[in-house]
Amino acid sequence: MPRLMDDGKMEVANIGGMQGFKFSGIRTEHLGATEYTLVTIAVDETGSVGGFANELRESLIAAVEACQKSPRSDNLLMRVIKFSSMFPNGIEEIHGFKPLAEIDARKDYPDFVPGGMTPLCDACYSAIGAMNVYGQKLVDDEFGVNAIAFVITDGGENASVATMEMVRKEAERAVTGEIVESMVSVLIGINASDCKVMLEDFQRKAGLTQYIDAGEATKGKLAKLADFVSRSVSSQSQALGTGGPSQNIAATI
């Protein structure tokens, strides 16, 4: 594992061997439970989400606030990132892995400013790779760990530094059980009916667990998306200690 750099309560680490791909996470000495589910939410902030950017942000906030009400909230560590070719290596981390009690989503999550193209590989690589690295850190420090990632997009890959093969290798490392107990990775298309075949193909080739078409970017659908995320997080957290992933994550939204 790369050496973590001290930054007060949070630390920063590299993801794999890719220069510039980094993430942050709370130092393990500040953790009070014995087991954790790592949660990553990656949200598309490219130009094409401009027509529903505010609604997408509200859906993100609703998902995080719903997770905070979960009976397992004290056993969740969440990281939230945005992706667009506007950002270095396609990624901007809103915050790294931290307890839900320390997140004020409505205050901490800035308005979306859509622009740029879609670095979908970068988003998946950052999401899964960071959970692999931080999960290994937790395991080494004798915590029980599993993980779940959601990558929400309205379009296909067209701007990444990372490759689909790199994503697949990180996903394989996770699902073999060599790092965390189990990892679920969900690619979610919103307002992406024209890209459905492309995204389904990406999900298979990149080794992600499943693809879900969330439908049109209406207020109702985005509310259902937030509910799906919170329910899936709860199910995966409840599965921690069983030796496998949750069997209760829905195939549709």
Legend entry - Heavy-atom donor-acceptor pair, Asn146 side chain to Ser182 backbone, under 3.5 Å: no
Legend entry - Expected output: side-chain Ser84 to main-chain Gly115 donor-acceptor under 3.5 Å: yes
Inset, instruction - Not counting sequence neighbours, list each pair that qualifies as a side-chain hydrogen bond (donor to acceptor under 3.5 Å, both in side chains) and has a residue in residues 52-62. - result: Glu58-Arg106
Legend entry - Single-linkage hydrophobic cluster, 4.5 Å side-chain cutoff, Tyr109 and Phe150 together: yes
Inset, instruction - Check whether any side-chain N or O of Gln236 sits under 3.5 Å from a backbone N or O of Pro245 as a donor-acceptor pair, and report yes or no. - result: no
Inset, instruction - Check side chain to side chain contact (heavy atoms under 4.5 Å, CB included) between Pro99 and all other residues, then give those that pass, not counting sequence neighbours. - result: Ile26, Leu77, Glu102
Legend entry - Phe202 side chain reached by Leu208 side chain, heavy atoms, under 4.5 Å: yes
Legend entry - Side-chain donor/acceptor of Glu157 to backbone N/O of Ala159, under 3.5 Å: yes
Inset, instruction - Check for a donor-acceptor pair, side chain of Asp201 on one end and backbone N or O of Val197 on the other, with a separation under 3.5 Å. - result: no
Legend entry - ILVMFWY network linking Ile61 to Leu56, side-chain heavy atoms under 4.5 angstrom: yes
Inset, instruction - Determine yes or no for a side-chain-to-main-chain donor-acceptor pair under 3.5 angstrom, with Glu181 supplying the side chain and Gly241 the backbone. - result: yes
Inset, instruction - Quickly, which of Lys98, Glu93, His95, Glu11 forms a side-chain hydrogen bond (donor to acceptor under 3.5 Å, both in side chains) with Ser24? Name it, please. - result: Glu93
Inset, instruction - Enter the distance from Leu240:CG to Ser235:OG here, rounded to the nearest 0.5 Å. - result: 13.0 Å
For residues 211-219, tabulate all N or O donor-acceptor pairs below 3.5 Å that involve a side-chain atom, not counting sequence neighbours.
unit_1: Asp213; atom_1: OD1; unit_2: Gly215; atom_2: N; d: 2.9
unit_1: Thr218; atom_1: OG1; unit_2: Lys221; atom_2: N; d: 3.1

Inset, instruction - Indicate yes or no for a side-chain donor-acceptor contact from Ser230 to the backbone of Ala63 under 3.5 Å, with no hydrogens or angles considered. - result: no
Inset, instruction - State plainly whether the residues Glu165 and Arg168 are in salt-bridge range, i.e. N to O under 4.0 Å. - result: yes
Inset, instruction - Report the relative orientation of the aromatic rings in Tyr134 and Phe97; use parallel for angles under 30°, tilted for 30 to 60°, perpendicular for over 60°. - result: parallel
Inset, instruction - Scan side-chain atoms only and decide if Arg231 and Ser246 contain a donor-acceptor pair under the 3.5 Å cut-off. - result: no
Legend entry - Ser73 side chain vs Ser70 backbone, donor-acceptor pair below 3.5 Å: yes
Inset, instruction - Say whether, by atom type as modelled, one donor and one acceptor occur between the side chain of Thr209 and the main chain of Ser185 under 3.5 angstrom. - result: yes
Legend entry - Atom CD of Glu142: over 12 foreign heavy atoms under 6.0 Å: no
Legend entry - Joint hydrophobic cluster, Leu120 plus Val43, side-chain heavy atoms closer than 4.5 Å: no
Legend entry - Transitive ILVMFWY side-chain link Val145 to Leu100, under 4.5 Å: no
Inset, instruction - Indicate whether any N or O donor in one side chain lies under 3.5 Å from an N or O acceptor in the other, for Asp140 and Gln136. - result: yes
Legend entry - Donor-acceptor pair, side chain of Asp122 and main chain of Ile91, under 3.5 angstrom: no
